[in-house]
Trainee: 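Please read through the structure below; I'll follow up with questions.
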Amino acid sequence: SLPRSDHQVVAVAARELSRAREFAQKHGIPRAYGSYQELAEDPNVEVAYIGTQNPQHKATVLMCLAAGKAVLCEKPMGVNAAEVREMVAEARSRGLFLMEGLWTRFFPATEALKSVLAQGTLGDLRAARAEMGFVIALPRLTDWAQAGGAVLDLGIYCVQFISMVFGGQRPEKISAVARVHETGVDDTVSVLLQYPGGVQGSFTCSISSKLSNAASVSGTKDRAEVSPTWAPVELVVNNDRKEFPCSLGSKEIYNFIHSPGMIYEAMHVRKCLRKGKGVEDTGRSKPGRGCLAARHPFHSGSYGNYISQDVLGHPSAYSM
Ligand SMILES: NC(=O)C1=CN([C@@H]2O[C@H](COP(=O)(O)OP(=O)(O)OC[C@H]3O[C@@H](n4cnc5c(N)ncnc54)[C@H](OP(=O)(O)O)[C@@H]3O)[C@@H](O)[C@H]2O)C=CC1
Ligand SMILES: O=C(O)[C@H](O)[C@H](O)[C@H](O)CO
């Protein structure tokens with residue numbers, strides 16, 4: 001749905017060639033490969049978009065970086081903070097672009113919220129709240145072996161919102177309560193994040209119950225809310241409601257609502273690569289090839305993995 005002069009899908013890979021061929025035929029993609037390695041080695045591929053399941057992200061990211069590709073990896077980029085650090089270090093050492101596919105960050109409604117924040121319309125910020133929950137029957141979500149669970153799949157959208165509105169700051173303290181699914185993955189989790197100056201972030205994510213699926217930030221002057229949390233098409237500030245439809249005239253049938261909004265992150269990737277700037281943790285830019293995913297406020301998707309690791313990995317932060 002983007003101009004072919006800017007974006008072309010030139011190849012698709014699957015572990016079975018037949019499936020890649022079927023997908024390629026359905027979507028008019030010139031090349032199909034029976035392995036991810038063959039795609040990584042295709043000289044016509046500039047950027048690899050990785051949509052495998054969570055546990056395979058790291059291996060596939062490293063494979064594509066080794067082949068010199070820029071990489072856009074689906075969220076959560078890693079199943080924990082250690083994996084994310086390893087991938088970011090590898091991208092840095094090769095001077096290659098790596099970004100976590102937190103597509104939410106590039107929606108027009110998110111951009112509109114960021115300018116409301118930048119203008120100080122809400123006053124001094126006090127609290128941010130996000131929720132994402134559905135009754136979902138996706139096998140991967142309740143499968144420990146596929147790194148399922150609410151925090152990694154849905155909580156990451158809540159964390160990235162809170163991290164964004166608080167400028168990428170790291171919280172001083174994290175605490176959480178959870179319901180654990182019979183398969184052992186986290187089913188419903190509520191997390192409290194305490195920031196300097198008594199500023200608070202909180203979120204609830206669930207794979208077994210419908211939540212508000214909205215995200216809000218409140219200050220001493222006003223409150224702003226976007227919805228749905230993961231693919232915002234509406235921004236309300238005080239009682240002023242603005243719509244940002246993202247059907248974009250697409251006739252495609254998608255598995256998930258607002259999927260046409262994937263074009264925004266694709267446009268961002270292209271913009272980064274054309275700028276040719278690397279973005280370091282400190283936000284200091286340096287000449288290099290592409291932007292690097294880091295804990296930069298704008299690419300703080302990786303931050304979500306730190307939180308999930310903190311929440312899931314430290315019993316002290318996790319009272320049942
Ligand atoms: N941004 C968004 O809106 C969304 C993001 N996601 C993210 O995208 C990723 C994929 O999700 P989704 O497409 O629902 O996942 P699927 O369950 O459909 O699996 C995706 C692909 O993973 C590949 N795969 C590679 N290794 C394995 C393995 N060992 N076992 C099973 N599958 C494997 C398969 O590809 P093949 O067999 O063809 O090689 C499969 O087609 C996840 O990380 C998820 O978080 C998902 C939905 C929405
Ligand atoms: O990123 C997402 O939107 C989620 O992976 C899936 O869409 C979710 O599992 C079902 O909404």
Side-chain angles (χ1 to χ4, degrees), residues 11-24 26-27 29 32-40 48-61 63-64 71-80 83-84 87 99-107 110 130-161 181 185-188 205-211 213 215 227-233 246 252 254-266 268-269 301-302 304-305 308:
V12 61
R15 292 169 300 163
E16 299 281 331
L17 180 57
S18 57
R19 269 207 305 279
R21 281 192 172 138
E22 184 193 343
F23 188 91
K26 182 177 173 190
H27 295 287
I29 298 169
Y33 294 111
S35 74
Y36 306 148
Q37 185 65 46
E38 287 170 278
L39 181 137
Y49 166 74
I50 292 170
T52 55
Q53 291 180 349
N54 297 348
Q56 296 92 37
H57 285 180
K58 187 185 90 172
T60 321
V61 166
M63 177 194 292
C64 294
V71 176
L72 170 62
C73 179
E74 261 308 337
K75 42 56 66 182
M77 187 154 80
V79 299
N80 57 39
E83 283 201 348
V84 172
M87 289 182 266
M99 185 173 113
E100 185 173 44
L102 266 166
W103 57 319
T104 316
R105 283 293 173 93
F106 311 103
F107 274 67
T110 303
E131 294 188 359
M132 187 170 176
F134 314 88
V135 179
I136 319 174
L138 274 176
R140 65 175 165 83
L141 289 183
T142 51
D143 183 352
W144 183 272
Q146 291 182 46
V151 168
L152 281 177
D153 194 58
L154 308 178
I156 190 167
Y157 285 107
C158 302
V159 169
Q160 70 81 24
F161 175 84
H181 191 274
V185 302
D186 51 297
D187 173 292
T188 299
C205 52
S206 177
I207 55 173
S208 66
S209 58
K210 185 169 168 47
L211 301 175
N213 293 324
S227 62
T229 303
W230 70 98
V233 292
C246 88
E252 293 283 339
Y254 293 91
N255 292 328
F256 299 102
I257 186 174
H258 301 325
S259 290
M262 288 278 183
I263 65 164
Y264 301 124
E265 78 176 346
H268 180 74
V269 170
S302 323
N305 292 281
S308 43

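Numbers here simply count residues along the sequence, with the first being 1. Note that ligands are numbered from 1 as they come in the structure, with each ligand's atoms numbered from 1 the same way.
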Trainee: Quick test: of every protein heavy atom, which one is nearest to atom 5 (O) of ligand 2, and how far off is it to 0.1 Å?
Mentor: D153 OD1, 2.8 Å
Trainee: Looking only at protein heavy atoms, which one is nearest to atom 21 (C) of ligand 1, and how far off is it?
Mentor: G51 O, 3.8 Å
Trainee: Among all protein heavy atoms in this structure, tell me which lies nearest to atom 33 (C) of ligand 1, with the distance rounded to 0.1 Å.
Mentor: R15 NH2, 3.4 Å
Trainee: Taking E131 for its side chain and L211 for its backbone only, find out whether a donor-acceptor pair lies under 3.5 Å.
Mentor: no
Trainee: Should E74 be listed as contacting ligand 2, given a heavy-atom distance under 4.0 Å as the test?
Mentor: no
Trainee: If we only count N/O pairs under 3.5 Å, is E16 in contact with ligand 1?
Mentor: no
Trainee: Answer yes or no: is there a donor N or O on one side and an acceptor on the other, between the side chain of D186 and the main chain of V151, under 3.5 Å?
Mentor: yes
Trainee: Determine the interplanar angle of the H268 and F106 rings, folded into 0 to 90°, and report it as parallel if under 30°, tilted if 30 to 60°, perpendicular if over 60°.
Mentor: parallel
Trainee: Above 12 or not: heavy atoms from other molecules or residues under 6.0 Å from CD of Q37?
Mentor: yes
Trainee: Would you check if the side chain of R21 reaches a backbone N or O of E16 as a donor-acceptor pair within less than 3.5 Å?
Mentor: no
Trainee: What is the closest protein heavy atom to atom 10 (C) of ligand 2, and at what distance does it sit?
Mentor: F256 CE2, 3.5 Å
Trainee: Which of the atoms in ligand 1, numbered in the order shown and given with their element, are less than 4.0 Å from a heavy-atom of Y36?
Mentor: 23 (C), 24 (N), 25 (C), 35 (O), 36 (P), 39 (O)
Trainee: List the closest protein heavy-atom neighbour of atom 43 (O) of ligand 1: residue, atom name, distance to the nearest 0.1 Å.
Mentor: N54 OD1, 2.7 Å
Trainee: Backbone N or O of F256 within a donor-acceptor pair of the S259 side chain at under 3.5 Å?
Mentor: yes
Trainee: For the CG atom of L138 and the CG atom of D153, what is their distance to the nearest 0.5 Å?
Mentor: 7.5 Å
Trainee: For Y49 and E74, does a side-chain donor sit closer than 3.5 Å to a side-chain acceptor?
Mentor: yes
Trainee: Would you mind checking which non-hydrogen protein atom is closest to atom 38 (O) of ligand 1, with the distance to 0.1 Å?
Mentor: A14 CB, 3.2 Å
Trainee: Name the residue from H57, Q56, K58 that meets the side-chain contact (heavy atoms from CB on, under 4.5 Å) definition with T60.
Mentor: Q56
Trainee: For H57, take its heavy atoms, then give the atoms of ligand 1 lying under 4.0 Å from any of them.
Mentor: 43 (O)
Trainee: Can you name the atoms of ligand 2, numbered from 1 with element, that are less than 4.0 Å from a heavy atom of K75?
Mentor: 1 (O), 2 (C), 4 (C), 5 (O)
Trainee: Show which atoms of ligand 1 fall inside a sub-4.0 Å distance from at least one heavy-atom site of Y157.
Mentor: 1 (N), 2 (C), 3 (O)
Trainee: Do you see a donor-acceptor pair shorter than 3.5 Å between the side chains of D187 and S208?
Mentor: yes
Trainee: Identify the protein heavy atom lying closest to atom 5 (C) of ligand 1, giving its residue, its atom name and the separation to 0.1 Å.
Mentor: E74 OE1, 3.3 Å
Trainee: Identify the closest protein heavy atom to atom 37 (O) of ligand 1: which residue and atom is it, and at what distance?
Mentor: R19 NH2, 2.5 Å
Trainee: For ligand 2, find out whether one of its N or O atoms is nearer than 3.5 Å to an N or O atom of Y157.
Mentor: yes
Trainee: Quick check on contacts: which atoms of ligand 1 are under 4.0 angstrom from a heavy atom of D153?
Mentor: 45 (O)
Trainee: Any protein heavy atom lying closer than 4.0 Å to atom 41 (O) of ligand 1?
Mentor: no
Trainee: Just go through W230, F256, Y254, W103 and tell me whose heavy atom is the nearest to atom 3 (O) of ligand 1.
Mentor: W103
Trainee: Classify the ring geometry between H27 and F23 as parallel (under 30°), tilted (30 to 60°) or perpendicular (over 60°).
Mentor: tilted
Trainee: Under 4.0 Å from atom 11 (O) of ligand 1, do we find at least one protein heavy atom?
Mentor: yes
Trainee: What protein heavy atom sits nearest atom 9 (C) of ligand 1, and how far off is it?
Mentor: T52 O, 3.2 Å
Trainee: I'd like to know if the side chain of T104 and the backbone of A231 have a donor-acceptor N/O pair within less than 3.5 Å.
Mentor: no
Trainee: May I have the step-by-step check of ring pair (Phe, Tyr, Trp, His ring centres under 6.0 Å) for F134 and W230, ending in yes or no?
Mentor: CA-CA 12 Å; F134 314 88; W230 70 98; 5.0 Å; yes
Trainee: When you measure from atom 17 (O) of ligand 1 to each heavy atom in R140, K75, Q53, Q56, which option holds the nearest one?
Mentor: Q53
Trainee: Whether the side chain of E83 engages the backbone of N80 through a donor-acceptor N/O pair (distance < 3.5 Å, no angle test) should be reported.
Mentor: no
Trainee: Output the list of atoms in ligand 1 that are nearer than 4.0 Å to some heavy atom of M262, sorted by atom number.
Mentor: 1 (N), 2 (C), 3 (O)
Trainee: What atoms of ligand 2 come closer than 4.0 angstrom to any heavy atom of L138?
Mentor: 9 (O)
